Each structure stands twice: as structure tokens, then as C-alpha cells.
Protein chains: 2
Amino acid sequence: MSDRRATIGVVEESTAKRSSRDAIFAATIALFSERGYPSTSMRDIASAVGLLPGSLYVHISSKEQLLADIVETGIDRFMVACREAIEAEKTPAARFRALIHAHMALIAEDPEHVRVALHQWKYLTGASRTDVMDKRREYEGIFQTLIADGIAKGEFSDKLNPRIAVLTVIGTLNWTSEWFHGDGPETADDVADDIADVLLSGLSA
Amino acid sequence: MSDRRATIGVVEESTAKRSSRDAIFAATIALFSERGYPSTSMRDIASAVGLLPGSLYVHISSKEQLLADIVETGIDRFMVACREAIEAEKTPAARFRALIHAHMALIAEDPEHVRVALHQWKYLTGASRTDVMDKRREYEGIFQTLIADGIAKGEFSDKLNPRIAVLTVIGTLNWTSEWFHGDGPETADDVADDIADVLLSGLSA
DNA sequence: CCTACCGATCGGTAGG
DNA sequence: CCTACCGATCGGTAGG
């Protein structure tokens, strides 16, 4: 009986901590996305979740670790979604389109989180910084491989500079989080198809 | 004689002030581009130019005004270069290519200044902030008009979403300042032609 | 352009 | 989770 109560007590306490932590994460993502990491103070975050500044440190270890956790979960979602998109299709063009759909779906789901992951990682130092840079390179590698594969299979043009083609695609996708927020009349899938059309067909008539 | 000396004195003093101001601008651009506006302190800037922190205020009025001046001159260079590119060519496709060449030439000339103008304007407040936002809209309007014109003249495809086409081009160009620095084997003109090829022809074979 | 300094704010902690 | 506080650093200024 006392065993059972104690267990329930522990479960409830850990659930409360989890939801506090989640609230801190959500508020921090909104603030980092709007003002940027260096201009957001721990006092800003505390007042957004209704705590006093010092109390934040019950749930997190440091401001930078908070950023690292947010960036890492954001990037990991991209990697998972990308791999699923690649595996779901066989031909380079279909995979390319699926990648863009996955990208836009993630932005529609949580545009602020994506923006923090894309822009605020620059303020990380040490191991978490190199981790992020490695994962970004891995992400770009997915497009490099895909485009090289498409050229090899004759689906993509061999008259283009493949490195520049990759950078064009990545630039386009990175920019989407600045103007697409998931609201508005167009769905993520609509926008993804339009972007894929532009990148695959080009502007010329 | 005393008149003449006094005049020379004034000229020399103002020249010295100008070069101090220029040194402050150059050092600030490097720092803002590397660490961002909020994480750069006036003490960082002062020590980069060999002054004590308080002495900076002989040459500038505030940290934010310093940012505003840097961003404004950066954007103005873009507007001037864009207008020249548009006027130099007649057909939409040629104008499009000329715009990309102008863009890459500016980055090659001063990549750090471009990066500050593109990213750090977010930390401006009040009138300078709305000024910048207006100019950015004007800049995007150049591409909107150009693409609409190209479609109307049958040079660009009427099967694409023109708004998405504009955002694809702008995303691609904004991203160039992250990877092109004017060094390396490829010239700004080489890269500009490759980018124009990708955007005009598309990836598909 | 320096000396000397201002009040405000920062991330974070000890102890309860 | 709060009270109370730490040393460090911030942008900026008065007076010379």
C-alpha cells in the first residue's frame, strides 16, 4: 500500500516536471524564433512560463543546453522525415518531390521550431555545435546523392553544375521557413508541388 | 596665411575622422557578420579598432544607428546594382541573368557586408526597421515584375506558380552569401551563370 | 580620444 | 519552486 502510493507519487512528480519542461521548451522556441538566442534572456523565458528566473534551473541546466536540445530535436526531425521520403519512392524525381513535401510538412507542423533549428544553431559552441554542423552536412549530402543519382540515371540534366544545383535546392528550401507558416489558403502539399515544379522544370517556357 | 592653415587643419581633422569612422564600419561589419549584432559588444568593436569603448561615441551615435547605417548602405548597393542590370538588358531572360550576375558580384566584393544586410536588419527598431522592410519588398518586387513580364512575353513558362517562382529565386540568391565568398577557383560570373542555368532550365533532363 | 564611471541587466547559484 | 543574491558585462555619458 505505501509502496503503491510512493510509486504513484513519483510518477505524478515526474509527469509534472515533464509538462513544466515542455512548457519551457515551447515558450523558448517562440522567443528564440522571434528575437533570436542572444537577445532572449532567461528572465524573458521565465516570465513566459510563469516562473521566477532562478526556478528555470530546476528543469534545465543552462541557456545554451536549452538551445542545443531545441536545435537537435529540430534537425533530427528533418533527418527522419528525409529518410522516410527517400525510402518511400524509387526514382530520383519522385524522391525529390517527396523530400520537398516532407520539408514543407515539417514547417507546417512547427514553423518556429524549424526557424530556430535553421538559424540559431550558430550560437552553439563546443560539441553540440560540431554535432549540428555534421548533421547539416549529412542533410546536404542527401541532396548531393539524389541529384548525382538522377543525373546518372538520365532523369536530371547533365548540363548543369551539380554542386550549384544542390545549393539552389537547399537555398530554396531553407528560405521557405521565412514565408510559409502553414496557415493561409495553400496547404503544405500545394506549396511543395509548386516548388518541385519550379525546380524541376525551370522558369523558361 | 593663418586662414589657410586653419582650413588645412579642418580638412585634416575631418579626414582623420572619416578614416576612423571607416575603420569602425569595417571592423563592425566583420564582427556583426561573424557573431551577430546582439552578441557583439561595443567593447569588441572598440578593441578591434584600437580605441577605448567610450571613444567610439565620438564617431557614432549609438550601436543601433551603426547597424542601421551598415544595413542601409548594403541594401542600397543592391538596389543600384539591380536597376543597372535591368536597364542594361531588354529581354526578361537576359535581365534575369544580369540580375544574378549583379548579385554575385556584390557578394564577391564584400560578402560580410552582404550577410549583415541580409540577416542583422531584424534587430533594427522604429523607422530604420520599416525603411529596410520597404526596401526588401521593393527588391522582391523587381523579381515579381520581371517574372510576370517574362510570362506575358512567352519567355517564361505559364504553367508555374509565379509567386512560388519568385520565392524560389529569392531563396536561392539569399542563400548564396552563405557559401560564396569570392575566393575559390570559380569567379562570381561563373557561379552566376551556373545558377541562372539551374533556375531557367530546371533539374529535369 | 581618454579617465572614470553610471544604472541596468545578464546567466546562474546557495540555501531553504 | 522561491528568496536573495553573486560577479560580470552591457550601452552609454560627463568632464576633461
Side-chain angles (χ1 to χ4, degrees), chain A residues 9-29 31-32 34-71 116 120 122-126 128-129, chain B residues 9-29 31-32 34-71 116 120 122-126 128-129:
Chain A
V10 168
V11 168
E12 275 169 357
E13 187 186 283
S14 102
T15 303
K17 265 197 186 165
R18 261 268 248 100
S19 71
S20 277
R21 210 182 132 88
D22 288 351
I24 291 171
F25 266 68
T28 303
I29 285 170
L31 287 163
F32 283 179
E34 190 195 320
R35 314 181 191 176
Y37 174 77
S39 335
T40 301
S41 72
M42 297 310 283
R43 282 153 179 87
D44 292 335
I45 296 171
S47 81
V49 294
L51 294 181
L52 290 179
S55 306
L56 290 173
Y57 292 87
V58 177
H59 306 283
I60 62 150
S61 58
S62 75
K63 190 189 179 189
E64 186 175 340
Q65 188 57 51
L66 182 54
L67 174 63
D69 288 345
I70 291 170
V71 169
V116 174
Q120 306 300 317
K122 290 169 194 165
Y123 298 106
L124 292 173
T125 60
S128 57
R129 180 175 233 268
Chain B
V10 168
V11 168
E12 275 168 358
E13 187 187 283
S14 102
T15 303
K17 265 197 186 165
R18 262 269 248 97
S19 71
S20 277
R21 210 182 133 88
D22 288 351
I24 291 170
F25 266 68
T28 303
I29 285 170
L31 287 163
F32 283 0
E34 190 195 320
R35 313 180 192 178
Y37 174 77
S39 331
T40 302
S41 72
M42 297 310 283
R43 282 155 179 87
D44 292 335
I45 297 171
S47 81
V49 294
L51 294 181
L52 290 179
S55 305
L56 289 173
Y57 292 87
V58 177
H59 305 284
I60 62 150
S61 58
S62 75
K63 190 189 180 188
E64 186 174 341
Q65 188 56 51
L66 182 54
L67 174 63
D69 288 344
I70 290 171
V71 169
V116 174
Q120 306 300 317
K122 290 169 194 165
Y123 298 106
L124 292 172
T125 61
S128 57
R129 181 175 233 268

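First the proteins, then the strands, lettered A, B, ... as listed; each starts at 1. Side chains included, hydrogens not; waters and symmetry mates left out as well; all remaining heavy atoms used. None of these values were measured; they are calculated from a predicted model.
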What is the distance from [atom1] of [X] to [atom2] of [N], rounded to the nearest Å?
| X | N | atom1 | atom2 | answer |
| --- | --- | --- | --- | --- |
| A/Lys63 | C/dT13 | NZ | C1' | 17 Å |
| B/Ile60 | D/dG11 | CD1 | P | 10 Å |
| B/Ile45 | D/dT9 | CD1 | P | 17 Å |
| A/Asp44 | C/dG11 | CG | C1' | 12 Å |
| A/Leu31 | C/dC10 | CG | P | 12 Å |
| B/Leu56 | D/dT13 | CG | C1' | 13 Å |

Problem set entry | Sugar-phosphate, base or nothing in reach of B/Ser39, heavy atoms under 4.0 Å |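 Here B/Ser39 touches no strand at all.
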
Exercise. Base, sugar-phosphate, or nothing: which does B/Ser61 touch, judged by heavy atoms less than 4.0 Å apart?
Worked result: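 It contacts nothing in the nucleic acid.
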
What's the separation between atom [atom1] in [X] and atom [atom2] in [Y], rounded to the nearest 0.5 Å?
| X | Y | atom1 | atom2 | answer |
| --- | --- | --- | --- | --- |
| B/Tyr57 | B/Lys63 | OH | NZ | 8.5 Å |
| B/Ile29 | B/Ile70 | CD1 | CD1 | 4.5 Å |
| B/Thr40 | B/Ile45 | OG1 | CD1 | 6.5 Å |
| B/Glu64 | B/Arg129 | CD | CZ | 9.5 Å |
| B/Ile24 | B/Ser19 | CD1 | OG | 9.5 Å |

For this session: Applying side chain to side chain contact (heavy atoms under 4.5 Å, CB included) between A/Leu56 and each of A/Val49, A/Thr28, A/Leu66, report the one that passes.
Result: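 Per the side chain to side chain contact (heavy atoms under 4.5 Å, CB included) rule, the option paired with A/Leu56 is A/Val49, out of A/Val49, A/Thr28, A/Leu66.
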
Problem set entry | Under-4.0 Å side-chain N/O to phosphate OP1/OP2 contact, A/Tyr57 with C/dG12 | yes

Exercise. Does B/Ser62 put a side-chain nitrogen or oxygen below 4.0 Å from OP1 or OP2 of D/dG11?
Worked result: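 So the side-chain polar atoms of B/Ser62 never come under 4.0 Å of the phosphate oxygens OP1 or OP2 of D/dG11.
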
Atom pairs, protein N/O to nucleotides 2-8 of chain D N/O, distance under 3.5 Å:
| residue | atom | partner | partner atom | Å |
| --- | --- | --- | --- | --- |
| D/dC2 | OP2 | A/Leu52 | N | 3.2 |
| D/dC2 | OP2 | A/Ser55 | OG | 2.6 |

Problem set entry | Bracket notation of DNA chain C in which parentheses pair within the strand, [ ] cross earlier pairs, and | pairs with another strand (Watson-Crick or G-U, under 3.5 Å) | ||||||||||||||||

Minimum heavy-atom separation for [X] to [Y], with atom names?
| X | Y | result |
| --- | --- | --- |
| B/Tyr37 | B/Gln120 | N-OE1, 2.9 Å |
| A/Asp44 | A/Ser39 | OD2-O, 3.9 Å |
| B/Thr125 | B/Ser128 | O-OG, 3.3 Å |

Exercise. Choosing from D/dC10, C/dC1, C/dG11, which nucleotide comes nearest the side chain of A/Met42?
Worked result: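 Per side-chain heavy atoms of A/Met42, the pick is C/dG11.
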
For this session: Would you indicate which nucleotide in C/dG11, D/dC10, C/dG12 comes nearest to any side-chain atom of B/Ser41?
Result: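 Closest nucleotide to the B/Ser41 side chain: D/dC10.
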
